[in-house]
Amino acid sequence: MSEHTITVAGVAVDTRHWIGGERVASAQTFPDVSPIDGSTIGGISRGTAMEAAAAVAAAKAAFPAWAATSRAERARILHAIADGVEKRIEELAIVETTDNGALLRSHRRGVMPRVAHNFRFFADWLLKLEHEDFETRGHTNHVSWDPAGPSVLITPWNAPLMLATWKVAPALAAGNTVILKPAEWTPLTASLLADIATEAGLPAGVLNVVQGYGSEIGDALTSHPDVRRISFTGSVPTAKRIAESAAANLTPLSLELGGKSPLLVFADADLDLAVDLAVEQYDNAGQVCLAATRFLVEESVAEEFTRRFVEKAGQLTQGDPRGEATDIGPNIHPLQLEKIDGFVQRAVAAGARAVIGGHRKDGQYYAPTLLTAVAQDSEIVQEEVFGPVLTLQTFATEDEAVRLANDTRFGLAATLATGDPERAERVTAQLVAGTVWTNCFFVRDLQAPFGGSRHSGVGREGGTWSFDFYCDLKNTVTSPNGWNNHG
Ligand code: NAD
């Protein structure tokens, strides 16, 4: 084991970058801290413009051979990566939980198997990717997907490996080479992914991982003229910086950003189901972009809904995310906790009432909170908190429900609870949202387009939408005339 390897819950993790098939250390490190107990996990290579440039150069050098690799071979290697993920599910799960504080049982049973699925799905999709040829006045049109080139993928901390592989898998499948920059609060599983990809036979330079603070290494990646695609998941302010930086080279961007999604509960809904959906919004301590953080409840059932919600939320267990019985773990970082509490205290000062929660707990935990008496134009209703903080407003009519639902600058998702299919159809047609769930939540298929409207993003991920983004689409028009007669 090198001096740069740390042991995290028994798992060896290299703390250096992975560039051109080699581990590369920076002169400086930054501390990686566990949200579970605030302990320092280790020092991670603190990337600079130099390592960013080296990673782009490695991705550029590896691109022609990877782009020329047959679809079948690329798919085979992606499946081998999925096999490697499946073999290491336990290790990936405990390392991710130690690093970001999300529930170990979710990582084991849900998240890491889906990481493997991300690779299998895009490997299989690649083999079926096809557009039927068509004719124009006797000429044949043939559509093809050419790999675009080195792609910079920048990811957040709330679901680190899951969100990274939504991008890495289609980018590699498409024949692109990758520079992955994980969030500085959760650098570890990206390093393990580099090990797994290498064991699976991915050639050197095809996947590169650079670590570091976005503010220090980000611009060097996103403004680089050799980068052909940038895919980013994170916050709106960072997205704007990246868009400015990418503008110099008109580098195409895919942006998956924040949300302030509504849960609309109509009086005709199955209230127990609505309450189940509502309590789910505390998942991952509220650090979920898609979370329906604004409850909009029809007046006539609001009191009963609130009573049942409070009862159900009171049954949730908060604590160490490694515990099998835990429902809510810690928040990611002291800074995030401060931000969450700031939102809540300002809301309360402005007249909001905490039906439950409204305060910090010991360590890095925030009490699950529900705020009522909140105004539509208030900060707590308009801004993403990214913590276990929900608001409840009431409405009198369907029109009012739709108006309130659409009245933020976001448009990522919306969840409906209603017993009336016609109402569901009517309301859905009017909602501004990339995904609408009716009487369910978080059912997600990689074939579906995923992304947001307005400030929730630009573009969509999933299925053919991912391939369209990572490729240069080409239409080849061929005449029936002009051929030498080889007959
Ligand atoms: P963030 O914007 O602070 O950071 C995201 C990533 O960007 C990190 O890797 C960071 O290092 C990097 N970064 C920071 N400054 C940069 C710069 N100048 N140039 C390039 N990269 C830079 O976001 P976060 O706090 O890590 O994540 C939380 C946000 O992500 C929330 O707003 C959440 O809603 C959003 N999110 C969206 C989705 C989605 O799919 N729509 C999914 C998860 C999270």
Side-chain angles (χ1 to χ4, degrees), residues 30 32 35 44 46-49 52 99-100 102 111 152-167 179-187 189-190 209-224 227 230-248 251 253-261 283-293 331-333 335-337 339-340 343 383-387 408-413 433-435 442 444 446 448-462 465-466:
F30 67 92
D32 183 31
I44 310 295
R46 181 170 171 173
T48 66
D99 212 11
N100 89 333
V111 176
V152 164
L153 312 179
I154 301 175
T155 50
W157 43 260
N158 61 326
L161 193 59
M162 176 72 202
L163 294 174
T165 53
W166 269 4
K167 300 181 191 301
I179 304 103
L180 170 64
K181 210 305 271 166
E184 52 269 38
W185 288 347
T186 53
T189 47
V209 178
V210 289
Q211 305 283 8
Y213 293 113
S215 55
E216 294 180 354
I217 194 172
D219 274 353
L221 293 170
T222 54
S223 66
H224 201 295
V227 168
I230 299 167
S231 181
F232 169 75
T233 299
S235 66
V236 173
T238 307
K240 289 183 181 175
R241 287 210 50 167
I242 290 175
E244 274 175 33
S245 164
T251 311
L253 286 173
S254 169
L255 303 174
E256 300 288 349
L257 310 178
K260 194 72 186 176
S261 302
D283 186 37
N284 205 6
Q287 301 165 139
V288 177
C289 57
L290 292 160
T293 50
N331 287 102
I332 182 77
H333 195 274
L335 286 175
Q336 185 67 14
L337 206 66
K339 200 179 127 196
I340 295 167
F343 275 116
E383 297 298 325
E384 183 184 49
V385 176
F386 228 54
T408 73
R409 67 193 162 106
F410 297 104
L412 192 55
T435 301
F442 224 93
R444 169 110 177 80
L446 284 176
F450 174 77
S453 308
R454 299 178 177 162
H455 281 205
S456 289
V458 174
R460 296 289 184 268
E461 295 188 314
W465 295 275
S466 287

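Every number for a ligand or one of its atoms is a count from 1 in the order of the listing.
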Considering only protein heavy atoms, which is closest to [atom], and at what distance to one decimal place?
| atom | value |
| --- | --- |
| atom 17 (C) of ligand 1 | Gly214 O, 3.5 Å |
| atom 25 (O) of ligand 1 | Trp157 NE1, 2.9 Å |
| atom 9 (O) of ligand 1 | Thr155 O, 2.8 Å |
| atom 5 (C) of ligand 1 | Phe232 CE1, 3.7 Å |
| atom 1 (P) of ligand 1 | Ser235 OG, 3.5 Å |
| atom 36 (N) of ligand 1 | Cys289 CB, 3.5 Å |
| atom 41 (N) of ligand 1 | Leu257 O, 2.7 Å |
| atom 28 (C) of ligand 1 | Phe386 CE2, 3.7 Å |

Checklist entry - With respect to atom 10 (C) of ligand 1, which of Lys260, Glu184, Lys339, Glu384 exhibits the smallest heavy-atom separation? => result Glu184
Next on the checklist: Please compare Thr238, Leu221, Leu163 and report which has the shortest non-hydrogen distance to atom 15 (N) of ligand 1.
Outcome noted: Thr238
Checklist entry - In terms of ring plane angle, is the pair Phe386 and Trp157 parallel, tilted or perpendicular, where the classes change at 30° and 60°? => result perpendicular
Checklist entry - Is ligand 1 less than 4.0 angstrom away from at least one heavy atom of Pro237? => result no
Item to check | Any donor-acceptor N or O pair under 3.5 Å, side chains Lys167, Thr233 | outcome: yes
Checklist outcome for this item: Looking only at heavy atoms, the pair that brings Phe450 and Leu290 closest together is CE1-CD2, 3.4 Å
Checklist outcome for this item: Here the pair of heavy atoms bringing Asn331 nearest to Pro35 is O-CB, 3.4 Å
Next on the checklist: Determine whether a donor-acceptor pair (N or O, by modelled atom type, separation under 3.5 Å) exists between the side chain of Glu216 and the backbone of Arg46.
Outcome noted: no
Checklist entry - For Val210, does its backbone N or O pair with a side-chain atom of Lys181 as donor and acceptor, under 3.5 Å? => result no
Item to check | Heavy atoms of other groups near Arg241 CZ, more than 12 under 6.0 Å | outcome: no
Next on the checklist: What I want to know is whether Lys181 and ligand 1 share at least one N or O pair that is separated by under 3.5 angstrom.
Outcome noted: yes
Next on the checklist: Below the 3.5 angstrom mark, is there an N/O of Gly218, backbone or side chain, next to an N/O of ligand 1?
Outcome noted: no
Which atoms from ligand 1 have a heavy atom of [X] less than 4.0 Å away?
| X | result |
| --- | --- |
| Pro182 | 9 (O) |
| Asn158 | 43 (C), 44 (C) |
| Ile242 | 19 (N), 20 (C), 21 (N) |
| Ile154 | 6 (C), 7 (O), 9 (O), 12 (C), 20 (C), 21 (N) |
| Thr233 | 5 (C), 36 (N), 37 (C), 38 (C), 39 (C), 40 (O), 42 (C), 43 (C), 44 (C) |

Next on the checklist: Run Thr222 and Val227 through side-chain contact (heavy atoms from CB on, under 4.5 Å) and show every step you take.
Outcome noted: CA-CA 7 Å; Thr222 54; Val227 168; over 6 Å; no
Item to check | Which segment of Ile217 sits under 4.0 Å of ligand 1 when only heavy atoms are counted | outcome: neither
Item to check | Side chain proximity check, His455 to Lys240, heavy atoms < 4.5 angstrom | outcome: yes
Next on the checklist: Walk me through whether Asp99 and Trp185 qualify under side-chain contact (heavy atoms from CB on, under 4.5 Å).
Outcome noted: CA-CA 7 Å; Asp99 212 11; Trp185 288 347; over 6 Å; no
